[in-house]
Protein chains: 2
Amino acid sequence: MKLSANEEYGLRCLVRIGYAGEGGSLTIPEMSQAEGVSPAYAAKILRVLRRGGFVKAARGKDGGYTLARPAEAIVIGDVMDVLGGRIFESSFCDSHAGQAPICTRSVDCSVRSLWRAVQVAVDQVLSKATLRDLLQNEEEMNTWVRTIPGAKGLHFIQ
Amino acid sequence: MKLSANEEYGLRCLVRIGYAGEGGSLTIPEMSQAEGVSPAYAAKILRVLRRGGFVKAARGKDGGYTLARPAEAIVIGDVMDVLGGRIFESSFCDSHAGQAPICTRSVDCSVRSLWRAVQVAVDQVLSKATLRDLLQNEEEMNTWVRTIPGAKGLHFIQ
DNA sequence: GCTAATCTGTACTTTATAGTCAAGATTACT
DNA sequence: AGTAATCTTGACTATAAAGTACAGATTAGC
Ligand code: FES
Ligand code: FES
C-alpha cells in the first residue's frame with residue numbers, strides 16, 4: 001500500500017502542466033529537468049497521462065503537453081486510477097482464495113470488508129480533489145483538505 | 001497504491017491464528033493448506049508477523065503459531081505498517097525532488113499535502129480496527145465499519 | 001538417544017515494476 | 001524540400017517484490 005513511482009511522478013507532472021495554464025504547454029525536456037528524471041522516463045510517464053485522457057500532446061516544433069480539459073474538470077481520483085490502479089480489487093479474493101473458511105468462497109469475509117472501508121476512505125479524499133485544488137500552495141491546500149466532509153480527523157495537518 | 005501480497009496474505013494469516021483462540025495454535029502446513037500457498041511462502045509471511053511481535057511461535061513437535069497478545073490489543077494499522085509500510089513516506093519527497101518549483105525543496109507542495117490527507121484517511125480506519133473486530137463475519141464487520149467516526153460516507157457499503 | 005514434527009534462516013528463481021535506448025513520425029520555420 | 005524540435009513506440013536492462021528450496025535448529029514422546 002505504497003505510492004508507486006508512476007503515481008508520484010505522474011501527479012507531479014500533471015500539476016506542472018496545469019501550472020502552465022490555458023495556452024501554455026510543457027515539453028518533455030522541460031519536464032525532465034523540472035522533475036529531475038531522464039527525458040525518456042518523463043516521456044513514459046506523460047504517455048500514461050495522455051492515454052488516460054488528462055493531457056493532450058502537440059507534436060513537432062513548438063510542441064508540448066497541455067491539459068485536455070480545464071483543471072477543475074480533472075478529478076484526482078480518476079488520475080490515480082490510471083496511474084496506479086485501486087487499492088483493493090475484488091478479483092484478488094477470487095483468484096487467491098484458500099481452502100479453509102474465511103476467504104474460501106469469497107463470501108462472509110471480514111477482511112474484505114475492511115479493505116473496502118479503506119478504499120472508500122481513500123476515494124472520499126481523492127474523488128473530491130480536482131487538479132484545480134492542487135494548483136495552489138501547500139497552505140491553501142491544507143485549508144482545502146479540512147473542508148472534505150467526513151474527514152474531520154485531518155485537523156492535525158498543519 | 002495497491003495492496004501488496006504481503007499485506008493481503010499477512011492479514012489473512014493473522015486472522016486465522018486469531019480464530020484459533022487463546023490456547024489454540026496453527027502450524028505452517030495448516031496455514032499453507034488454508035490459504036492455498038506453499039508451505040515455504042506461508043513460513044515467510046509468518047516470519048514477518050512474528051518479527052513484528054504479533055504472533056509467537058512454538059518450535060518442535062506440537063509447535064505452531066499463536067497470538068502474542070489478546071486480539072483486542074492488536075491494532076490493524078500497526079500490522080499493516082509492518083507488512084507493507086506507509087502509503088506516503090516523506091523521504092520520497094526529499095530523495096526525488098526535482099529542479100523547478102513545486103517539490104523542489106520539499107516546501108510548499110500541494111501534492112504532498114494531498115498524500116498526507118490520504119494517509120490520514122487510511123489511518124483513521126486502520127487505527128480504529130483491532131484484530132478482535134476482524135474475528136467476526138462480514139456482516140458484523142460492515143456494521144462495525146459504519147461506527148468509525150469521520151467515515152460517514154461509508155454508508156454505501158452493504 | 002532417536003525420531004518425527006515443527007519452526008528458522010539464507011540463498012535462490014521468477015515475475016513485476018522502474019527506468020533506458022534507439023528508430024520513427026509529426027510539425028513549424030525557412 | 002530541408003532542418004531542427006518535438007512527440008511515439010516497442011524493445012531493452014536494472015531493480016524490487018513475490019515465491020521457492022534446502023540445510024539447520026528445536027522440542028515432545030518414546
Ligand atoms: S475474500 Fe478477499 S480477503 Fe477474504
Ligand atoms: S514535495 Fe513530495 S510531492 Fe511535492
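Convention: sequence-line order gives letters A, B, ...; per-chain numbering from 1. The shown structure was predicted, so the numbers you read here are calculated from the model rather than taken from an experiment.
Here the P atom of nucleotide dA17(D) and the CE atom of Met1(A) are 16 Å apart, to the nearest Å. In this structure, CD of Glu30(A) is placed 13 Å from C1' of dC7(D), rounded to the nearest angstrom. Across the protein-nucleic acid pair, Lys2(B) atom NZ and dA18(D) atom P stand 12 Å apart, rounded to whole Å. Remark: P of dT20(C) and OH of Tyr41(A) are 8 Å apart, rounded to the nearest angstrom. The distance between atom CG of Leu83(B) and atom P of dG19(D), rounded to the nearest whole Å, is 14 Å. Following rounding to the nearest Å, Leu49(A) (CG) and dC7(D) (P) show an atom-to-atom distance of 13 Å. The distance from atom CG of Asp62(A) to atom C1' of dA28(C) is 6 Å, rounded to the nearest whole Å. If you measure from atom CD1 of Ile45(B) to atom C1' of dT20(D), you get 12 Å, rounded to the nearest angstrom.
Of the possible polar contacts, none joining the Glu8(B) side chain to the Ala5(B) backbone as a donor-acceptor pair under 3.5 Å is found. Side-chain atoms of Glu72(B) never come within 3.5 Å of backbone atoms of Arg132(B) as a donor-acceptor pair (strictly under, hydrogens ignored).
When the side-chain contact (heavy atoms from CB on, under 4.5 Å) test is applied to Pro39(B), the partners found at least two apart in sequence or on another chain are Ile28(B), Ser32(B). The side-chain contact (heavy atoms from CB on, under 4.5 Å) search around Ser38(B) returns Ala40(B), Tyr41(B), not counting sequence neighbours.
Taking the charged nitrogens against the carboxylate oxygens, Arg16(A) and Glu30(A) have no contact shorter than 4.0 Å, which rules out a salt bridge.
Closest of all the heavy-atom pairs between Leu126(A) and Val75(A) is O-CG1, 3.6 Å.
Each of Ala40(B) and Lys61(B) was matched to the nucleotide of DNA chain D holding its nearest heavy atom; the match closer to the 5' end belongs to Ala40(B).
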Check against salt bridge (Lys or Arg N to Asp or Glu O under 4.0 Å), Asp133(A) and Lys128(A): CA-CA 9 Å; Asp133(A) 299 315; Lys128(A) 292 194 178 62; over 6 Å; no
Could you give the side-chain donor-acceptor pairs of residues 62-70 of chain B under 3.5 Å, partners two or more places apart or in another chain?
unit_1   : atom_1 : unit_2   : atom_2 : d
Thr66(B) : OG1    : Gly24(B) : O      : 3.4
Arg69(B) : NH1    : Ala73(B) : O      : 2.7

Side-chain donor/acceptor pairs under 3.5 Å, residues 51-59 of chain A, sequence neighbours excluded:
none

Are there any protein N/O atoms within less than 3.5 Å of an N/O atom in nucleotides 7-11 of chain C, and if so, which ones and at what distance?
unit_1 : atom_1 : unit_2   : atom_2 : d
dC7(C) : OP1    : Ile28(B) : N      : 3.1
dC7(C) : OP2    : Ile28(B) : N      : 3.2
dT8(C) : OP1    : Arg50(B) : NE     : 3.3
dT8(C) : OP2    : Arg50(B) : NE     : 3.0
dT8(C) : OP2    : Tyr65(B) : OH     : 2.8
dT8(C) : O4'    : Arg59(B) : NH2    : 2.9
dG9(C) : OP2    : Arg50(B) : NH2    : 3.0

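Comparing the axis of the opening five pairs of the helix from dG1(C)-dC30(D) to dT30(C)-dA1(D) with that of the closing five pairs yields an angle of 10°, rounded to 10°.
Listed pair Ser38(A) / dG19(C) fails the phosphate criterion, with no side-chain N or O lying under 4.0 Å from OP1 or OP2.
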